[in-house]
Every structure is written in structure tokens, then in C-alpha cells.
Amino acid sequence: MQPIPRHWAAVRETHTFPGHGPFALTIHGSSDISVEDARRDARERMDALVAAGGPEQEHDSGLEYYPSRRLPEELLEDVHSEDGTLIAAITRNRYGAAVLNTDALLICDVDLPQEDVGRSRSSGGRAGKRPGLLSRLFGGGATGRADGATDGIRDAAGLPDELGGPGSGERGRVHAELLTSIRDFGARHPELGVRAYRTRHGFRLLVSGADARPASERARTLMAEVRSDPLYMLLCRVHDTYRARLTPKPWRVEVDRFESLGTRTASAPEHQDWVRRYRDASAQVAVCRLLEVAGPAPSAEERRIIELHDRATRPESGLPLA
């Protein structure tokens, strides 16, 4: 995969274009050399945008559109294969969550309808634990095979929605329909390893053995088969990387959005304070729940990325999903 830029800078200007009112433009530049070089890149992109007549009018905004243009993300970690090839990177997205970026493992996001969401809350407003569940990583799960894979479905029928249960009403109906679609997908592609997870408002699939670049037609076809989110598919094509959120959305653990700080300088006191508050608030939630594993075992490289994903998302902890 392509390296994630280490330095970012922004140019902000207001311009008026023929036939349209003024636009407050924000353009980001990136560089692996320095902030100054990133600022030069932003300046060149701003000049090019102005010369082209302004932003695409259907967006009706001077802010670059997230799925179609990369916005600045703090690089938290690079992951390399044994031969030194970059196979994944972890970044902090615009609202503060850690995100896995990789082209070595196909990742699909599938959405559930937002209706009938019955969140359980403690008196303090945070997502509460289900009584009797231990707050531990990788607490009990299905019996593993010798190669590290597991077979069968983790029964979620009796769980509340926020712990990965099916939910009620239309949401429950679509939950069952999508889960059937995921199983059918695995049956049609016995050559693929499929790990199915339940997220707070949908499903996530980690698919090994696909050998499909994120921007490829094969990736688009496979993701469409399981009805992956169209905006997510666009993001993968534009940036040529699959993405998976590894930590909770801040508002689900009652922390302000990272972008409200107005700074992405890791050494800034307000940045460090936000990270501490977010880390502490995230301790009692998970990002997804493992439902099913099918198909052949992943390669060593794919397994490494899966293990990184599972350490961060805590899919067998039994904690509420955020």
C-alpha cells in the first residue's frame, strides 16, 4: 500500500467564483518531508482549485469531501511485512478514532437501518456492561481450530442490540437478511476466509485470500455481493485502501469530537489531554463482536492484520459495542 503522509498543513481562503457566492475554501496538503513541504503542496492544490473555477458545486462546500479526497490523519503506527513492505497503517481519523488502513486484507462494512435502536445506558449515560460479563480481552469464545480459525456461528439471538444482538422490528428483519447474505457469500466463495463481526450499527467482514486491490473491479464486485455501504466502497476506490475503525466513536463514550480541538499537533497539551480522556472512556466498550468464521485459514500476513484488528476492537470481550 501507499505510505500514509507524516506531515499535513492547510491553506484557508475565501474566493468568489462567477455565478456563485463566496466560498470559504480549506485545502490540505501532505508531505513525508516536513510541514513546510506540506504547506507548499496545499498552496499548489489551492491554486489549482481556484484556477479550475472552484469546488464541485454539487458538494456546495469549500471543504474537501471525505470519501473522494483524503483529509489529514495523524499517523499512529506503520505495519511492515518480514521483507519490509508496508502492509498496514493505523491513523487517527477526523473525529479521533484509530483506523486500520490496509490493502492486504479485504474489509467490508455493511449497514443496518438505524430504527429500533434500544441502547442500554447506565445512570451516568455511558454504555453499561451486561451483568455478569467480565471486562476482559478475548473472554470465552468458540473453540478454535489448530490453525487459529473457528467454525460456526456465535449465538447472538438472546443478546440486546448494543451487545450485538439482532435488534427488533425492521432492524431485526434486516439483521437476519444480511446475516443470511453473508453466509451465502461464504458458500459461493469457498476459497475465501470470511470473518463476520457485528458492529454497533451493522456488520464488518474481514475476507482473506481475495487478492483484490481496494480500487479493483474484483473488490467492488465482492463488496457489492454483501451489500457493503456505497460510501465506504467509494472511499476504498479513491484511496486504494480498505479501512476499519479500531476504537469507539467519541460521542458514543461521551467524549467531544477530536476535530473540535482545532489542532492536529500531537505534542499540544490539548491534544494529549483529549487522547487521555478518550482512552479512559473507551476502556469499557468494544468496537465489534465476532459472529462467525468460515473458509480456509488466512496467510501469515493476513493473520497478522487480523490479530492487530482483534486486539484493538476486542470482539470476544462481551462488552457493549461503540
Distance (rounded to the nearest 0.5 Å) between [X] [atom1] and [Y] [atom2]:
{"X": "R311", "Y": "I306", "atom1": "CZ", "atom2": "CD1", "value": "12.0 Å"}
{"X": "R43", "Y": "R39", "atom1": "CZ", "atom2": "CZ", "value": "11.5 Å"}
{"X": "E77", "Y": "H80", "atom1": "CD", "atom2": "NE2", "value": "10.5 Å"}
{"X": "R45", "Y": "L49", "atom1": "CZ", "atom2": "CG", "value": "9.0 Å"}
{"X": "K249", "Y": "S282", "atom1": "NZ", "atom2": "OG", "value": "13.5 Å"}
{"X": "E292", "Y": "L179", "atom1": "CD", "atom2": "CG", "value": "6.5 Å"}

For a quick test of reading the model, state the closest non-hydrogen atom pair linking [X] to [Y] and the distance between them.
{"X": "T247", "Y": "A97", "value": "OG1-CA, 3.4 Å"}
{"X": "H201", "Y": "R252", "value": "CD2-NH2, 3.1 Å"}
{"X": "P248", "Y": "V285", "value": "CG-CG2, 3.3 Å"}
{"X": "R198", "Y": "L321", "value": "O-CD1, 3.5 Å"}
{"X": "V226", "Y": "S181", "value": "CA-OG, 4.1 Å"}

>> Would C288 and T199 count as a side chain to side chain contact (heavy atoms under 4.5 Å, CB included) here? Give the steps.
In response: CA-CA 4 Å; C288 56; T199 62; 4.1 Å; yes
>> What verdict does the side chain to side chain contact (heavy atoms under 4.5 Å, CB included) test give for V194 and F185, after you've listed the backbone C-alpha separation in whole Å, the side-chain angles of each residue and the deciding distance to 0.1 Å?
In response: CA-CA 9 Å; V194 181; F185 173 82; 4.0 Å; yes
> Taking only residues two or more places apart in sequence, or in another chain, which ones meet R279 in a salt bridge (Lys or Arg N to Asp or Glu O under 4.0 Å)?
Replying inline: none
>> If the condition is salt bridge (Lys or Arg N to Asp or Glu O under 4.0 Å), which residues does R304 pass it with, not counting sequence neighbours?
In response: none
>> Tell me every residue that passes side chain to side chain contact (heavy atoms under 4.5 Å, CB included) with T85, counting only those two or more places apart in sequence or in another chain.
In response: S81, D83
> Can you check salt bridge (Lys or Arg N to Asp or Glu O under 4.0 Å) on D111 and R227, steps first, answer last?
Replying inline: CA-CA 8 Å; D111 289 342; R227 292 190 273 180; over 6 Å; no
>> Checking R173 against E177 for the salt bridge (Lys or Arg N to Asp or Glu O under 4.0 Å) test, could you report, in this order, the C-alpha distance in whole Å, the side-chain angles of both residues, the deciding distance, and whether it holds?
In response: CA-CA 6 Å; R173 185 192 68 77; E177 185 178 291; 2.9 Å; yes
Taking side chain as C-beta onward, heavy atoms only, is [X] less than 4.5 Å from [Y]?
{"X": "L246", "Y": "I90", "value": "yes"}
{"X": "R289", "Y": "L163", "value": "no"}
{"X": "T16", "Y": "F23", "value": "no"}
{"X": "H189", "Y": "L222", "value": "yes"}
{"X": "R40", "Y": "E36", "value": "no"}
{"X": "M223", "Y": "Y232", "value": "yes"}
{"X": "D37", "Y": "S34", "value": "yes"}

> Do E13 and H15 have side-chain N/O donor and acceptor atoms under 3.5 Å apart?
Replying inline: yes
Please say yes or no: joined through hydrophobic side-chain contacts below 4.5 Å, possibly via intermediate residues, are [X] and [Y] part of one cluster?
{"X": "I305", "Y": "L76", "result": "yes"}
{"X": "V99", "Y": "V287", "result": "no"}
{"X": "F17", "Y": "I27", "result": "yes"}

> Salt bridge or not for R276 and D273, using N-O below 4.0 Å?
Replying inline: yes
> Are R195 and E302 ion-paired here, with the side-chain N under 4.0 Å from a carboxylate O?
Replying inline: no
With distance as the sole test, does [X] use its side chain to make a donor-acceptor pair with the main-chain N or O of [Y] at under 3.5 Å?
{"X": "R237", "Y": "S216", "answer": "no"}
{"X": "N101", "Y": "A89", "answer": "yes"}
{"X": "S228", "Y": "A224", "answer": "no"}

> Which of parallel (below 30°), tilted (30 to 60°) and perpendicular (above 60°) describes F258 and H271?
Replying inline: perpendicular
> Checking side-chain contact (heavy atoms from CB on, under 4.5 Å) against L308, which of T313, L100, T102 comes through?
Replying inline: L100
> Among I107, L290, L291, V110, which residue meets the side-chain contact (heavy atoms from CB on, under 4.5 Å) test with R204?
Replying inline: I107
> Take atom CD in E82; do more than 12 heavy atoms of anything else shown fall under 6.0 Å from it?
Replying inline: no
>> Given E73, which partner from the list R94, R92, R243 fulfils the salt bridge (Lys or Arg N to Asp or Glu O under 4.0 Å) test?
In response: R243
Side-chain atoms of residues 206-215: list all donor-acceptor pairs with protein atoms under 3.5 Å, sequence neighbours left out, distances to 0.1 Å.
residue: R213; atom: NH1; partner: D103; partner atom: OD2; Å: 2.6
residue: R213; atom: NH2; partner: D240; partner atom: OD2; Å: 2.5

> Which residue pairs pass the ring-ring contact (aromatic ring centres under 6.0 Å, His included) test when at least one of the two sits in residues 205-228, sequence neighbours left out?
Replying inline: none
>> According to ring-ring contact (aromatic ring centres under 6.0 Å, His included), does anything in residues 276-315 pair up with another residue at least two apart or in another chain? List the pairs.
In response: Y197-H309, W274-Y278
>> Evaluate F203 against I182 for side chain to side chain contact (heavy atoms under 4.5 Å, CB included), listing each step before the verdict.
In response: CA-CA 9 Å; F203 297 91; I182 290 167; 3.9 Å; yes
